[in-house]
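Reviewing the structure listed below.
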Amino acid sequence: MKIGVLTSGGDAPGMNAAVRAVCRSALYKGMEVVGIMRGYNGLLNGEVIEMNAKTVSGIIQRGGTCLYTARCNEFRNMDGVLKGKKKCEEMGLDGIVVIGGDGSFRGAADLSKAGIPCIGIPGTIDNDIACTDYTIGYDTAMNTAMEMVDKIKDTAQSHDRCSVVEVMGRKAGYIAINVAAAVGAEACITLEKDYDLDEIARRMIESKAQGKTHFIIIVAEGIGKTDYITKTLQDLTGVESRATVLGHVQRGGSPTLRDRVAATRLGYHAVELLEQGIGNRVCGFRKGEVYDVDIQEALSMKKPFEDELYDILYKTAF
Ligand code: F6P
């Protein structure tokens, strides 16, 4: 058998560990492996590299993705998918492992339907893939954000300020709520929950009267109003406030143990499925165990928000 592996969508720490696991598992099973560069673009342009055990040595601890990544518009329509199928046939590929998010899995489903078995591995810092409890990169990104906010807290404390910190999460507040809980933030503002700046300000004023001097407010990127929130809280409370957008720093860096191990387990499972000729599945975790699910079913699932943690944060913030 000969299989390909690609990374697609936003990069995430641990993608390299997944590429390594796919490559080494395939070699162990006697398969040939190619790395497809820059997501589906590399498939369409024939930009592929032959991989051996040495190609992936020394990458398990590295952030980013050695295969590069991209979002590919051409692959969103059937012409692109059929062109991809033809390329797979020309290269003799019996299957592809796609490491990425929901958008990447749509392409994997279409290509599977066209006759090339594809297996998705969830890799995104946002943890916003419903069919899995955990996505590769999430732990590293949260720890990076937590460390950054700890540093911001030092300066907020020294100046008696309120720091409003925007963390990543285009459509999801999982990074936000966990980082907020981990740094002891006074409030967390996410798309999943209604928020009331007057109420946050009232709680800040009350605690200021009790002697509290500095505040941390975590805002999920998807809200899109970090400057407005900062200015409004300053106007309402009289506490000097500053906004910080953490941005892409959260996507880089050496993956944590959790991300490396998750990537290794999912990479191995993906190759096991392709070995059996199975495609159109996404691998993931349920209750700590690796499992797999039909891609269409995976894409139709809804992920619950962390309501309990949100509630605990509210009750322990002041
Ligand atoms: O999906 C991961 C993510 O980092 C989001 O949190 C963020 O909104 C987005 O990617 C940023 O994408 P880009 O790097 O293309 O600006």
Side-chain angles (χ1 to χ4, degrees), residues 6-19 37-42 62-76 98-108 120-149 164-180 182 188-193 218-229 243-256 258-259 262-263 266 282 284 298-299 301-303 305-306:
L6 62 83
T7 50
S8 165
D11 66 336
M15 278 186 165
N16 277 326
V19 170
M37 308 301 282
R38 299 183 167 82
Y40 292 109
N41 293 301
R62 280 178 35 210
T65 161
C66 66
L67 295 179
Y68 297 79
T69 185
R71 298 183 172 101
C72 178
N73 285 331
E74 198 183 343
F75 215 75
R76 285 175 201 210
V98 174
I99 306 164
D102 277 349
S104 317
F105 298 159
R106 260 174 226 119
I121 293 183
T124 166
I125 63 164
D126 289 356
N127 201 33
D128 61 348
I129 298 180
C131 69
T132 182
D133 297 337
Y134 188 77
T135 62
I136 297 168
Y138 181 46
D139 189 54
T140 307
M142 286 193 296
N143 277 289
T144 301
M146 179 187 73
E147 283 168 25
M148 297 295 128
V149 180
V164 178
V165 186
E166 180 184 303
V167 298
M168 269 190 168
R170 199 192 333 238
K171 293 184 196 146
Y174 302 109
I175 296 178
I177 184 59
N178 281 280
V179 170
C188 176
I189 300 179
T190 74
L191 283 173
E192 293 87 347
K193 292 282 176 187
I218 302 294
V219 180
E221 174 194 6
I223 293 284
K225 287 187 191 164
T226 302
D227 284 336
Y228 168 79
I229 290 168
T244 306
V245 176
L246 291 186
H248 287 84
V249 69
Q250 295 159 99
R251 285 238 297 258
S254 180
T256 59
R258 184 171 183 191
D259 279 323
L266 294 177
V282 181
L299 292 174
M301 291 177 181
K302 291 261 170 299
K303 196 167 200 168
F305 189 58
E306 299 206 28

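Hydrogens, waters and symmetry mates are skipped; everything else that's a heavy atom, side chains included, is used. Order of listing sets the numbers, starting from 1, for every ligand and every atom in it. Keep in mind it's a predicted model, so treat the numbers as computed, not measured.
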> Considering only heavy atoms, which protein residues lie less than 4.0 Å from any atom of ligand 1?
Replying inline: Arg71, Thr124, Ile125, Asp126, Met168, Gly169, Arg170, Glu221, His248, Arg251

> Among Thr256, Asp126, Asn178, Asn143, which one satisfies side-chain hydrogen bond (donor to acceptor under 3.5 Å, both in side chains) with Tyr138?
Replying inline: Asn178

> In terms of side-chain heavy atoms, does Asp259 have a donor or acceptor partner in Thr140 at a distance below 3.5 Å?
Replying inline: yes

>> Could you work out, with side chain to side chain contact (heavy atoms under 4.5 Å, CB included) as the rule, every residue matching Ala172, not counting sequence neighbours?
In response: Asp128, Tyr174, Glu192

> If every non-hydrogen atom of Pro13 is compared with every non-hydrogen atom of Ile125, which pair is closest and at what distance?
Replying inline: CD-CG2, 3.7 Å

>> Taking salt bridge (charged side-chain N to carboxylate O under 4.0 Å, His left out) as the cut-off, I'd like each qualifying pair that reaches into residues 130-141, sequence neighbours left out, listed once.
In response: Asp133-Arg286

> In chain order, what residues pass the salt bridge (charged side-chain N to carboxylate O under 4.0 Å, His left out) check against Asp11, with sequence neighbours excluded?
Replying inline: Arg251

